[in-house]
Asker: 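Dropping a structure here in structure tokens format, bear with me for questions.
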Number of protein chains: 2
Amino acid sequence: MNHNITDFDHSDDSKLEGLRMTRQRREVYDVLMSLRDHPTASEVYERAKANMPGISLATVYNCLEALVDHGAVRQVHFERESSRYCPNLTAHGHFQDEQSGTVIDVPLKKGASLGDFLDLPAGVQVNNIEINLTGKISN
Amino acid sequence: MNHNITDFDHSDDSKLEGLRMTRQRREVYDVLMSLRDHPTASEVYERAKANMPGISLATVYNCLEALVDHGAVRQVHFERESSRYCPNLTAHGHFQDEQSGTVIDVPLKKGASLGDFLDLPAGVQVNNIEINLTGKISN
DNA sequence: TTGCACATTAGAATCATTCTAAATTTAGGC
DNA sequence: GCCTAAATTTAGAATGATTCTAATGTGCAA
Ligand SMILES: [Mn+2]
Ligand SMILES: [Mn+2]
Ligand SMILES: [Zn+2]
Ligand SMILES: [Zn+2]
């Protein structure tokens with residue numbers, strides 16, 4: 001089959017089931033899936049306009065919110081910078097390079113779970129996790 | 001000696017050495033140390049005014065920035081809410097209750113370190129970490 | 001004590017995001 | 001296919017946390 005990471009099936013829409021599909025939501029989701037570099041809403045807007053010139057920034061915000069609330073996409077927050085959007089639903093954190101602002105995924109080690117490194121108080125139900133690192137890249 | 005957590009020495013200023021001390025910075029730092037509930041800048045402002053009526057919100061922002069840049073205090077960010085401020089310099093994450101907005105410290109398990117649960121790419125130098133959880137508290 | 005680099009202040013500016021209200025579109029039932 | 005109700009899209013205004021500006025005040029090293 002010769003699979004590799006670039007073979008990712010962009011048309012696997014299982015995560016969109018139950019979400020009313022509109023041309024705009026499809027376009028916003030496709031933008032996120034095709035270049036997975038954690039764009040801001042404005043960057044998504046710029047990319048979406050290439051295929052759909054009439055789309056508005058307000059709609060991009062609305063679509064992103066719908067996708068996030070549906071669980072198809074995750075928001076990433078560094079300090080109080082613009083929110084960024086990530087379609088990777090596996091357990092992972094993020095690293096932002098201080099020079100360039102670039103954000104990359106940092107996978108959770110296989111088998112690692114929250115309780116292994118955090119002393120969670122009894123009786124808490126965790127619904128969302130953000131693990132965000134910032135720093136420099138050597139080279 | 002009969003020590004417990006409430007005996008914390010609020011006058012240990014070792015973390016402030018090298019920072020030019022002003023009445024306002026002292027007051028802002030004291031506000032954070034005396035009630036460690038992760039207040040926002042506006043909440044710090046309200047509390048600081050009790051002891052120092054003339055202090056301005058701009059100054060509170062300036063003092064908080066100076067303390068953060070000096071490493072005496074940490075910023076905590078949930079989504080795009082107002083930044084919150086934490087004087088606990090031990091390794092820990094934060095949990096925010098979705099109902100009340102309350103933020104509590106979540107200690108890192110003793111001996112746990114980043115590399116134990118994250119697959120960090122080679123050559124990254126991590127300067128800052130935020131581990132932020134949101135959810136509900138049972139009872 | 002003095003000088004001056006740095007800090008404080010009020011108010012304006014910024015800007016990512018949310019809100020508003022009117023026009024349009026979706027999806028289901030016929 | 002057509003109709004309807006509910007949801008979505010849109011342009012533009014509003015919001016609000018934070019940063020900036022420029023005038024005034026102060027910590028502190030010499
Ligand atoms: Mn939401
Ligand atoms: Mn800073
Ligand atoms: Zn990601
Ligand atoms: Zn804390």
Side-chain angles (χ1 to χ4, degrees), chain A residues 13 16-32 38-49 51-70 72-86 96 101 103 130 132, chain B residues 13 16-32 38-49 51-70 72-86 96 101 103 130 132:
Chain A
D13 291 346
L16 302 181
E17 269 166 32
L19 180 65
R20 179 188 280 208
M21 199 40 53
T22 63
R23 284 179 312 124
Q24 290 86 349
R25 286 176 181 176
R26 155 72 50 208
E27 174 62 28
V28 165
Y29 187 65
D30 286 349
V31 163
L32 293 177
H38 306 92
T40 62
S42 295
E43 288 165 346
V44 171
Y45 175 52
E46 290 308 321
R47 295 175 196 179
K49 274 198 295 192
N51 286 329
M52 189 180 283
I55 196 171
S56 75
L57 178 58
T59 296
V60 169
Y61 271 103
N62 290 340
C63 291
L64 289 169
E65 180 181 31
L67 289 165
V68 168
D69 288 353
H70 193 71
V73 149
R74 294 165 55 179
Q75 268 184 323
V76 182
H77 303 93
F78 282 96
E79 306 265 324
R80 300 247 325 156
E81 292 178 10
S82 303
S83 298
R84 296 175 175 276
Y85 296 85
C86 172
Q96 184 175 46
V103 174
E130 277 199 61
N132 296 331
Chain B
D13 291 346
L16 301 181
E17 269 166 32
L19 180 65
R20 179 188 282 205
M21 200 40 52
T22 62
R23 283 180 310 125
Q24 291 84 350
R25 285 177 181 176
R26 155 70 52 206
E27 174 62 29
V28 165
Y29 187 65
D30 286 349
V31 162
L32 293 177
H38 306 92
T40 62
S42 294
E43 288 166 345
V44 172
Y45 176 50
E46 291 307 320
R47 295 176 196 180
K49 274 198 295 192
N51 286 330
M52 188 179 282
I55 196 171
S56 75
L57 178 58
T59 296
V60 169
Y61 272 104
N62 289 340
C63 291
L64 289 169
E65 179 180 33
L67 291 166
V68 169
D69 288 353
H70 193 71
V73 150
R74 294 164 56 180
Q75 268 184 324
V76 182
H77 303 93
F78 281 96
E79 306 264 325
R80 300 245 326 154
E81 292 177 12
S82 304
S83 297
R84 296 175 176 276
Y85 295 86
C86 173
Q96 185 175 47
V103 173
E130 277 200 61
N132 296 330

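Every chain is numbered from 1, with letters handed out A, B, ... down the list of sequences. No experiment lies behind these values; they were computed from the predicted model shown.
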Asker: Classify A:R80 by what it touches in the nucleic acid, base, sugar-phosphate, or nothing, heavy-atom distance under 4.0 Å.
Answerer: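 It contacts sugar-phosphate atoms only.
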Asker: Once you round it to whole Å, what is the distance between P of C:dA7 and CG of B:D69?
Answerer: 11 Å
Asker: Atom OH of B:Y61 to atom C1' of C:dA13: distance rounded to whole Å?
Answerer: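 Distance check: B:Y61 OH to C:dA13 C1' gives 15 Å.
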Asker: B:L16 CG to C:dA7 P: how many Å, rounded?
Answerer: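 That distance rounds to 14 Å.
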Asker: Report yes or no: does A:E27 contribute a side-chain atom to a donor-acceptor pair with the main-chain N or O of A:M52 at less than 3.5 Å?
Answerer: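 No.
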Asker: For DNA chain D, which nucleotides open and close the run of contacts to chain B, 5' to 3', at under 4.0 angstrom from a non-hydrogen atom?
Answerer: D:dA17 to D:dC28
Asker: Mind calculating the distance between CD (B:E65) and C1' (C:dC6) to the nearest angstrom?
Answerer: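 Whole-Å distance recorded here is 14 Å.
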Asker: Is A:T40 close enough to C:dA16 that one of its side-chain N or O atoms is under 4.0 Å from OP1 or OP2 there?
Answerer: no
Asker: Is a donor on one side and an acceptor on the other found under 3.5 Å between the side chain of A:Q75 and the backbone of A:V68?
Answerer: no
Asker: Quick check for you: to the nearest 0.5 Å, what is the distance between A:T59 atom OG1 and A:R23 atom CZ?
Answerer: 10.5 Å
Asker: Closest nucleotide of DNA chain C for A:L19 versus for A:S42: which of these residues is on the 5' side?
Answerer: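 First, find each residue's nearest nucleotide; the 5'-ward one identifies A:S42.
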Asker: Reckon B:S56 has a side-chain N or O less than 4.0 Å from the OP1 or OP2 of C:dT9?
Answerer: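 Result: yes.
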Asker: Please state how far atom NE2 in B:H70 lies from atom P in C:dA7, giving the value in whole angstrom units.
Answerer: 12 Å
Asker: If you look at every strand shown and take non-hydrogen atoms under 4.0 Å, does A:S83 touch a base, only sugar-phosphate, or nothing?
Answerer: sugar-phosphate
Asker: Does a side-chain N or O of A:R20 approach OP1 or OP2 of C:dT26 to a distance below 4.0 Å, or not?
Answerer: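 Checking A:R20 against C:dT26: no side-chain N or O falls below 4.0 Å of OP1 or OP2.
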Asker: Keeping A:Q96 on the side-chain end and A:G101 on the backbone end, is there a donor-acceptor pair under 3.5 Å?
Answerer: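 Here the side-chain-to-backbone pair exists.
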Asker: With respect to the side chain of A:A41, which nucleotide from C:dT8, C:dT17, C:dA10 is positioned closest?
Answerer: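 Closest nucleotide to the A:A41 side chain: C:dT17.
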Asker: In degrees, rounded to 10°, what is the bend between the two ends of the helix from C:dT1-D:dA30 to C:dC30-D:dG1, using five pairs at each?
Answerer: 40°
Asker: With no hydrogens and no angle check, is any side-chain donor or acceptor of A:N132 less than 3.5 Å from a backbone partner on A:V76?
Answerer: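 Side chain of A:N132 to backbone of A:V76, a donor-acceptor pair under 3.5 Å: no, none is there.
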Asker: Is the shortest side-chain N/O distance from B:R25 to OP1 or OP2 of C:dA7 below 4.0 Å?
Answerer: yes
Asker: Hey, does the side chain of A:E65 reach the backbone of A:N62 with a donor-acceptor pair shorter than 3.5 angstrom?
Answerer: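 Answer holds: no.
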Asker: With distance as the sole test, does A:R80 use its side chain to make a donor-acceptor pair with the main-chain N or O of B:E81 at under 3.5 Å?
Answerer: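 Side chain of A:R80 to backbone of B:E81, a donor-acceptor pair under 3.5 Å: yes, one is there.
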Asker: For B:E81 and for A:C63, find the nucleotide of DNA chain D with the closest heavy atom, then tell me which residue's nucleotide is more 5'.
Answerer: A:C63
Asker: How would you list, by chain and number, every residue that makes a side-chain hydrogen bond (donor to acceptor under 3.5 Å, both in side chains) with A:R74, sequence neighbours excluded?
Answerer: A:H92
Asker: Quick check on C:dT8: is either OP1 or OP2 less than 4.0 Å from any side-chain nitrogen or oxygen of B:T22?
Answerer: yes
Asker: Any chance you could measure B:E130, atom CD, to A:F78, atom CZ, to the nearest 0.5 Å?
Answerer: 9.0 Å
Asker: Would you give the length of the straight line joining atom CD1 of A:I55 to atom CD of A:E46, rounded to the nearest 0.5 angstrom?
Answerer: 11.5 Å
Asker: Mind checking if B:T59 touches a base, just sugar-phosphate, or nothing, with heavy atoms under 4.0 Å?
Answerer: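 The answer is base, as B:T59 lies within the cut-off (heavy atoms under 4.0 Å) of a base atom.
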